[in-house]
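This is a predicted model, so every value here is computed, not measured. Atoms within a ligand are numbered from 1 in the order they appear, just like the ligands themselves.
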Amino acid sequence: MPELPEVETVVRELRADGLIGRVITKARAFWKPMIAPLTPAAFAARLKGQRVQSIHRRAKYIVLTLSKDDTLLIHLRMTGQLNLDRQKAERESHQHVVLQLDDGRELRYRDTRKFGRWLLTHTPERILGRLGPEPLSDQFDQKAFISHLRTRRRQLKPLLLDQTFLAGIGNIYADEALWTARLHPGRIASTLSATEARRLHVAIRHVLRRGIRNKGTTLGSALSNFQRPGGKRGQNQAGLNVFRRTGLPCLRCSKPILRMIISQRSTHLCPNCQPAKA
Ligand SMILES: [Zn+2]
C-alpha cells in the first residue's frame, strides 16, 4: 500500500514529467464508486478544459490544483498506480480513470483492487484539514510531539497509523520507525520517556526520508504492487530492516524477527531490541 514516500515519489515524477500546465481535454471514469458522489458524466463535464496548476502531496493524498477553483484529490489506497503515457485508443485492464491532456498524452489510473478514490472538490480543506502534521515539515515539532504522546493512552502501532495524529504513515514505515527507535509497537504512548519519544521522532523522519530517497518500496513483482509512473519499481525494499523479515536475523542483534498482530495489523519487530516493557 502506498504510504508517504511512495505518494511523494509519484508526485515528484509526475511533476518532472510536465503534468503542470497541461489542460484536460477529456476525462473518462469507468468505475462509478471511485469518483462518487459525482457521476461519470458530471466528472467528465467538470474536468474538461481545466488546467493543472500544481501537484503536491498531503499525507497519502495526491493534490492536483485546477484552474477553475477546483481541486482533485487522488488517494491510491491499496493498489492505485498513475501513468503519464502517449494517447492510446484501447483501455488496458484495471484502468478506471483516464484524463486526456492537450499535449497528446494521458494520465491513466490503474487499480486492481479498485479501492482508490478520486474526489473533485471546491473545499479540499474539509478533508485535508482533518489530517495530522506532515512528519517531514516544520509542523512536526519534536517538543510538541513528545508532549502530545504523553496524553495518548494508545499503543504506538495504531497511533502511528492514525492519520489524524500524524499524516502519511502506514504499515511499512510504522514498523521500520519503531524498530529504528527500539520501541515495542504495543507500548502505550503515554509511558514513553522523553528520550524514547525523541528517538521515535528522529526515527520517523529517518525512515520516511530514506523511503523517498529510494523512490518508495515495491514489494513483490505483481501488477498490484507499488509502481512509480512508467511502471518503474521503487528501491526501498532493499533498505527495509524489519518489515516482512519474519524469521530472519535482526540486523542489529541477530535474533529472529517476529511477526505479530497488533490492533488487527500485521506487525514486525525484534523482541530483543524492542522489549514489551521499558
Ligand atoms: Zn534485534
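Ring-plane geometry between Phe140 and Phe145 is classed as perpendicular, the angle between the planes exceeding 60 degrees on a 0 to 90 degree scale with a lower cut at 30. Using the six-membered ring where Trp is involved, Phe165 and His148 have ring planes that are tilted, between 30° and 60° apart.
For the ring pair (Phe, Tyr, Trp, His ring centres under 6.0 Å) test, residues two or more places apart in sequence or in another chain that qualify with Tyr109 are Trp118.
Shown here are the protein N/O/S atoms lying under 2.8 Å from the Zn ion (ligand 1), water excluded: Cys250 SG, Cys253 SG, Cys270 SG, Cys273 SG.
Note that CD1 of Ile169 is 11.0 Å distant from NZ of Lys157, once rounded to the nearest 0.5 Å.
At least one donor-acceptor pair under 3.5 Å links the side chain of Thr218 to the backbone N or O of Gly234.
Relative to the ring axis of Trp179, Arg252 places its NZ or CZ within 45° and under 6.0 Å from the centre.
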